Amino acid sequence: MLDACHRYFHAAADVLGLSDRVRTILITPRRVVKVELVTEGDDGLLQHHLGFRVQHNDSRGPFKGGLRYHPTMDEDHAAALANLMTWKTAIVNVPFGGAKGGINCDPSALSKSELSSITRAFVDQMQGLIGPTLDIPAPDVNTNSEVMSWIMDQYSRREGFSPGVVTGKPVHLFGSDGREEATGRGVMYAAREALKRQGRALADVSVAIQGYGNVGSHAARLMAEQGARIVAVADHAGAVHDPKGLDNEALGRWVREHRTVAGYPDAESFDGGEITTWSADVLVPAALEDAITVDNAAGVRASLIVEAANGPTTPAASEVLHERGVQIVPDILANAGGVTVSYFEWAQNIQQFRWELDRVVDELEKVMVKAYADVHDEAERLGVDLRTAAFAVGIRRVLQAATSRNALRHSIDIN
Ligand code: NAD
């Protein structure tokens with residue numbers, strides 16, 4: 001995935017005319033942290049995990065990015081995702097840089113108290129490196145508001161009351177109304193803005209979604225509220241479809257109880273591997289990376305892909321899709337609603353002032369509409385696809401900030 005990020009970065013850097021020296025400075029993480037986490041399991045035996053945090057760039061503000069708990073988590077993974085965060089925060093113009101991290105664990109094999117101990121050990125090891133003005137973690141795959149509460153608690157034990165050290169907290173513990181569904185809501189706005197420029201609306205389209213976790217389930221519900229028909233949904237354990245449109249409320253209830261869409265009784269089952277080539281106008285990959293590769297790109301039947309997940313399309317697949325005229329709204333734009341409301345949460349924490357949900361939703365819509373327009377206009381101006389344009393917008397803003405702060409000694413002329 002790191003290779004893919006670098007290829008997308010260089011495509012935009014080519015268009016911007018950046019020198020090799022500037023590329024190296026922008027692409028290299030400021031700090032890479034790897035920590036050993038030794039904790040006691042419920043059986044009294046020692047458990048051993050590795051924690052990672054890659055702090056990629058802080059030219060525009062404190063490092064910001066999620067924490068992922070997954071057996072495949074490693075340094076390269078964190079580096080790739082941190083890199084994306086740097087451009088993403090710049091595209092939505094929130095005052096943060098980019099970071100990402102996680103722990104190489106399988107949360108499904110751990111009890112809640114074991115997960116809490118591992119999380120707290122990670123916070124201790126990150127002492128002096130995370131904080132409300134340094135680096136602010138957030139939820140990602142397999143982490144949630146409860147994990148964020150543990151982080152806030154552990155950090156506050158040493159540093160005093162510090163809700164701004166982490167975002168995605170429960171609403172009753174200084175979280176923000178609207179944060180949980182923010183990424184899905186942003187995906188809905190991105191899809192709406194893309195369709196609008198094609199003369200279509202969400203009410204005109206059918207949608208297939210891969211992944212029905214935080215992002216996928218809220219995106220499904222919110223797109224359906226705008227009239228879209230969610231015709232197929234797949235997750236790690238199964239897939240269901242209904243050409244008339246799935247009942248998202250009922251499916252959501254089923255998933256909350258059974259933790260998967262598999263077995264949902266009011267729709268037909270199918271092989272989840274077919275979701276990316278399902279017959280639908282819009283495809284929303286909202287699971288993990290590399291969902292769309294050269295092996296299935298030729299079979300994609302959607303005319304619009306809205307990348308809710310990070311890195312769901314490989315560069316080779318992107319080329320195939322581009323040649324076939326399939327439009328892709330890239331991850332660093334499409335899923336930026338989460339970090340945007342994370343910024344609102346952090347701002348509320350810093351000010352000790354709570355926003356109403358209506359305000360969060362209004363401000364998020366404004367940010368997403370502006371970000372989409374900025375990227376769309378850049379694509380038209382430079383004659384490139386939306387992904388290259390999104391990277392170009394992000395890179396330019398980071399470069400301007402770095403130059404003004406003298407992090408890069410000479411000002412740099414860019415296209
Ligand atoms: P989640 O853990 O809540 O949900 C992940 C979903 O993907 C689950 O439904 C799971 O069953 C499904 N899945 C896993 N492996 C699969 C497979 N092989 N095939 C089909 N489905 C599979 O995670 P999330 O928070 O919804 O994140 C999903 C994606 O969105 C990730 O790429 C994440 O980095 C990205 N993202 C999340 C946020 C956020 O605010 N949560 C913000 C930006 C980007």
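One-based numbering, in listed order, for ligands and for the atoms of each. Quick caveat: nothing in here was measured; it's all calculated off a predicted structure.
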*Any protein heavy atom under 4.0 Å from atom 13 (N) of ligand 1?*
yes
*In the protein, what heavy atom is nearest to atom 33 (C) of ligand 1, and what distance, to one decimal place, separates them?*
Asp140 OD1, 3.5 Å
_Residue, atom name and distance, where the atom is the protein heavy atom closest to atom 11 (O) of ligand 1_ = His236 ND1, 2.5 Å
*Distance filter under 4.0 Å to Gly211 heavy atoms, resulting ligand 1 atoms*: 6 (C), 7 (O), 9 (O), 12 (C)
_Numbered atoms of ligand 1 (with element) below 4.0 Å of Gln210, judged on heavy atoms_ = 19 (N), 20 (C)
_Within the 4.5 Å heavy-atom criterion, are Ile305 and Val329 side-chain neighbours or not?_
no
*Are any of the heavy atoms in Gly272 under 4.0 Å away from ligand 1?*
no
*Please confirm whether Glu180 comes under 4.0 Å of ligand 1, counting heavy atoms of the residue only.*
no
*Among protein heavy atoms, which lies nearest atom 36 (N) of ligand 1, and at what distance?*
Asn310 ND2, 3.9 Å
*Please assess Ser116 against Arg120 for the test side chain to side chain donor-acceptor pair (under 3.5 Å), listing each intermediate value before the final yes or no.*
CA-CA 6 Å; Ser116 169; Arg120 289 173 190 278; 3.1 Å; yes
*Using distance alone, determine whether Gly213 and ligand 1 share an N or O pair under 3.5 Å.*
yes
*Is there a donor-acceptor pair closer than 3.5 Å between any side-chain N or O of Asp58 and the backbone N or O of Phe96?*
no
*Hey, is Glu289 close enough to Arg68 for a salt bridge, meaning N to O under 4.0 Å?*
yes
*Taking atom 31 (C) of ligand 1 as the reference point, the nearest protein heavy atom with its distance*: Ala287 O, 3.1 Å
*Assess Glu289 for proximity to ligand 1: is some non-hydrogen atom of it under 4.0 Å away?*
no
_Counting only heavy atoms, tell me which of Ala308, Ala286, Ala309 gets closest to atom 28 (C) of ligand 1._
Ala286
*Which of parallel (below 30°), tilted (30 to 60°) and perpendicular (above 60°) describes Phe270 and His241?*
perpendicular
*asked:* Suppose we measure from atom 25 (O) of ligand 1 to each protein heavy atom; which comes out shortest, and what is that distance?
replied: Asn214 CB, 3.8 Å
*Please determine if Arg396 and Glu378 form a salt bridge, counting it only when a charged side-chain N lies under 4.0 Å from a carboxylate O.*
yes
*Which residue supplies the protein heavy atom nearest to atom 37 (C) of ligand 1, what is that atom called, and how far is it?*
Val215 CG2, 3.5 Å
*Decide yes or no for Arg354 and Asp177: does some side-chain heavy atom of the first lie under 4.5 Å from some side-chain heavy atom of the second?*
yes
*Residues Glu249, Arg221: salt bridge by 4.0 Å N-O rule*: no
*Report the residue from Ile292, Val306, Leu304 that forms a side-chain contact (heavy atoms from CB on, under 4.5 Å) with Leu283.*
Ile292
*Given that the side chain starts at C-beta and the backbone is N, CA, C, O, which of these parts of Arg179 lies under 4.0 Å from ligand 1, counting heavy atoms, or is it both or neither?*
side chain
*How close does the nearest protein non-hydrogen atom get to atom 9 (O) of ligand 1, and which residue and atom is it?*
Tyr212 N, 2.9 Å
*Phe344 vs Trp355 aromatic rings, parallel, tilted or perpendicular, using cut-offs 30° and 60°?*
tilted
*What residue and heavy atom of the protein are closest to atom 39 (C) of ligand 1, and at what distance?*
Thr183 OG1, 3.4 Å
*Evaluate side chain to side chain donor-acceptor pair (under 3.5 Å) for Glu114 paired with Gln47, printing each intermediate quantity in order.*
CA-CA 9 Å; Glu114 288 171 333; Gln47 295 187 338; 3.1 Å; yes
_Enumerated ligand 1 atoms positioned under 4.0 Å from heavy atoms of Asn142_ = 2 (O)
